[in-house]
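I have placed the structure first, in the form of structure tokens, so that the comments after it can refer back to it.
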2 protein chains.
Amino acid sequence: MSDGFDPELVPDARGATRRPEPECPVEVALAAISGRWTTLVLRELTAGPRSFGELRAALPTVSAKVLTDRLAELTRRGLVGKEVHAGFPTRTSYQLTTAGKRLRPLLVELYRTGAALLAETT
Amino acid sequence: MSDGFDPELVPDARGATRRPEPECPVEVALAAISGRWTTLVLRELTAGPRSFGELRAALPTVSAKVLTDRLAELTRRGLVGKEVHAGFPTRTSYQLTTAGKRLRPLLVELYRTGAALLAETT
DNA sequence: CGGGATCCTTACGGATACTG
DNA sequence: CAGTATCCGTAAGGATCCCG
């Protein structure tokens with residue numbers, strides 16, 4: 001019943017699809033880190049909780065709309081948690097959830113792989 | 001001179017950017033696997049060399065244009081090699097280069113992470 | 001401070017038809 | 001067989017202005 005794929009690459013049936021499926025683990029992971037600025041936001045939050053303004057300060061050229069979009073999507077996926085502290089001015093705090101912290105090894109591997117590719121062509 | 005980031009996540013200055021930079025290793029790796037169908041094409045080629053038609057047969061609902069686009073981009077990046085065997089009908093063969101094979105651990109990690117995220121919410 | 005509401009532009013993916 | 005050439009709709013990213 002082999003599907004012809006390396007079992008380490010495709011360990012179970014969910015990865016043996018013939019087209020992009022949102023339920024495929026690879027697509028799930030890609031969706032989590034996809035979108036411009038997303039990995040940078042995750043990098044910031046990996047260092048600890050951050051407010052909206054702190055994120056903007058760390059990433060000065062991201063627009064408010066895009067940052068809001070990224071945080072909303074990450075929150076929707078359960079990767080980031082949001083706390084609003086009442087008062088004026090309003091203070092918020094974004095932080096990685098347990099699920100969000102699971103992205104860490106993937107980010108490390110992204111860096112490793114990218115560095116290897118860069119070294120290859122140089 | 002710490003930048004405040006975890007040194008495993010951001011091992012050198014190339015990862016300490018304040019906006020998306022094409023030279024950042026993370027962006028390089030993301031670019032390599034980005035685009036719909038790309039990881040599926042890579043999965044097929046990981047199993048061995050494939051012709052254009054074989055790839056279409058394995059991924060029946062991908063259009064010729066998109067498949068061409070993906071193969072051209074992967075080839076341009078030096079991740080995939082192309083051999084054209086003269087004759088009629090024309091036969092081609094696409095295969096992973098040494099650089100392309102370096103994407104394998106990343107694909108494995110994508111699957112692992114995605115599976116972990118799916119397990120988390122279920 | 002922390003966004004929401006608009007508007008705009010372009011990049012991407014897909015469908016269809018055709019060619020060496 | 002292995003693509004190329006067009007055309008098209010959508011969605012993503014970004015700029016600007018406004019509000020609680």
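Lettering follows sequence order; numbering is per chain, from 1. When reading the values below, keep in mind they use all heavy atoms of this one structure, side chains included, and skip hydrogens, waters and symmetry mates.
- Between A:E23 and A:R14, no side-chain nitrogen of the basic residue sits less than 4.0 Å from a carboxylate oxygen of the acidic one, so the salt-bridge criterion is not met.
- A salt bridge does not link A:R70 to A:E73: none of the charged side-chain nitrogens sits closer than 4.0 Å to a carboxylate oxygen.
- Heavy-atom distances to DNA chain D give each of A:G35 and A:T90 a nearest nucleotide, and the one nearer the 5′ end belongs to A:G35.
- Judged by distance alone, with hydrogens and angles left aside, the side-chain atoms of A:T97 form a donor-acceptor pair with the main-chain N or O of A:G78 at under 3.5 Å.
- Interface residues of residues 45-82 of chain B facing DNA chain C, ordered by number: B:K65, B:V66, B:R70; criterion, heavy-atom separation under 4.0 Å.
- B:F88 has its CZ atom 12 Å from the P atom of C:dG20, to the nearest Å.
- Phosphate contact (OP1/OP2 of C:dC12, side-chain N/O of B:W37, threshold under 4.0 Å): absent.
- Closest to the side chain of B:R91, from the set D:dA2, D:dG14, C:dG20, is D:dA2.
- Ion pair B:E8/A:R104 flagged as a salt bridge, since at least one NZ, NE, NH1 or NH2 atom sits closer than 4.0 Å to an Asp/Glu carboxylate oxygen.
- Across all non-hydrogen atoms, the minimal contact from B:A32 to B:L79 is CB-CD1, 3.6 Å.
- D:dA15 atom C1' lies 14 Å from atom CZ of A:R36, rounded to whole Å.
- Between atom CZ of residue A:R18 and atom CG of residue B:L40 there is a gap of 11.0 Å, rounded to the nearest 0.5 Å.
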